[in-house]
Amino acid sequence: VNTARGGVCPYGCVLLVDRALQPIFHVVPLPSQMDRSLVLAYLLLPGGAELTVCTVHLESLGTQPTRERQLRTISRALDPAGGPAVVTGDFNFDSRRNWSARYETAQDGVSAPGSHTAAADSDQGDPSHSSASGGSACSRPVEDGPELHNDCLAEILPGWFDLWPTVRPDELGFTFDSAINTNAALGTRRAVAAKYEQMRYDRILMAPALRPKLGGATIELVGVEEDP
């Protein structure tokens, strides 16, 4: 599901929904140089409650201003009355630290609570994080600046909460993890030496109206064990 060009060509996200939820799909084009868009499904839950679920892959590479513009477009596309909604996908920024090629542990670049990180790295020597000229469209962002990129969420989606730290506050929940994923360690060019990278790029954000309804909600990482 993507743009008027159809399917996921040249790029897009797919949202699979049980037909029993009577989904109505909608695609919102995002400001992007990488053909990114938001895929929404308006759902009717058992009992008659309505829920909006959407998925997105925010802009890759050193493009935090574009990601913020995309998030503002997403915010406008959601129910302005603040109804129940979920935004999922690859945000291309972590909740604790900005990307840097110099990190060696999970705590590098993490500032004290209430402060910002200045650990973003301008060194683009790591081929797996190279710029658009000669790099991969799947590379991770490389940027300078003292602001934690994640801080934009509080301003653009006020009151929304990140499900992973809400349900599992004592676990870091890396979704890009070179410690257990050899492909992530090698990056996009197999000829280079393995690199360290542990970041939680992929998120499930929930609207404030859903917090009282969490109940016994659970969340877990899948595919973390190598196939025998």
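Along the sequence shown, the residues carry numbers beginning at 1. For the numbers below, each heavy atom of this structure counts, side chains included, while hydrogens, waters and symmetry mates do not.
- Alongside Leu44, the hydrophobic cluster contains no other residue (criterion: ILVMFWY side chains under 4.5 Å).
- In the model, Glu59 has no side-chain atom that pairs as donor or acceptor with a side-chain atom of Gln33 under 3.5 Å.
- In terms of the salt bridge (Lys or Arg N to Asp or Glu O under 4.0 Å) criterion, residue partners of Arg168 (sequence neighbours excluded) are, by chain and number, Glu171.
- Rounding to the nearest 0.5 angstrom, the gap separating the OG1 atom in Thr88 from the CG atom in Asp202 is 9.5 Å.
- Judged as a side chain to side chain donor-acceptor pair (under 3.5 Å), and not counting sequence neighbours, the contacts of Glu155 are Arg72.
- Within a 6.0 Å sphere centred on CD1 of Ile180, heavy atoms belonging to other residues, nucleotides or ligands number more than 12.
- Between Leu71 and the choices Leu58, Leu30, Val56, the side chain to side chain contact (heavy atoms under 4.5 Å, CB included) rule is met once, by Leu58.
- Between the side chain of Tyr196 and the backbone N or O of Arg102 there is no donor-acceptor pair closer than 3.5 Å.
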Verdict with supporting geometry, Met206 and Thr166, side chain to side chain contact (heavy atoms under 4.5 Å, CB included): CA-CA 10 Å; Met206 307 186 79; Thr166 301; over 6 Å; no

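- Tracing side-chain contacts under 4.5 Å through hydrophobic residues (I, L, V, M, F, W, Y), one reaches Val17 starting from Leu51; they form part of the same cluster.
- Without hydrogens or angle criteria, Thr182 side chain to Ser178 main chain gives no donor-acceptor distance under 3.5 Å.
- Between the side chain of Thr63 and the main chain of Thr66, no donor-acceptor pair closer than 3.5 Å is present.
- No cation-pi contact links Arg200 to Phe176, judged by a cut-off of 6.0 Å to the six-membered ring centre and 45° from its axis.
- Taking the ring centre of Phe93 as origin, the terminal cationic atom of Arg67 falls outside the region bounded by 6.0 Å and 45° from the ring axis.
- Here the side chain of Glu197 pairs no donor or acceptor atom with the backbone of Ala184 at under 3.5 angstrom.
- Taking CG from Asn150 and CZ from Arg97, the interatomic distance works out to 13.0 Å, rounded to the nearest 0.5 Å.
- The main-chain N or O of Leu157 is never found under 3.5 Å from a side-chain atom of Ser75 such that the two would form a donor-acceptor pair.
- Separating the CG atom in Asp177 from the CG atom in Leu221 is a distance of 8.5 Å, to the nearest 0.5 Å.
- Between the side chains of Ser111 and Arg96, not a single donor N or O lies within less than 3.5 Å of an accepting N or O.
- Hydrophobic clustering (side-chain heavy atoms under 4.5 Å, transitive across Ile, Leu, Val, Met, Phe, Trp, Tyr) keeps Leu205 apart from Leu172.
- Here the side chain of Asn98 pairs a donor or acceptor atom with the backbone of His149 at under 3.5 angstrom.
- Among Leu163, Asp162, Thr55, the one residue that satisfies the side chain to side chain contact (heavy atoms under 4.5 Å, CB included) test with Ile204 is Leu163.
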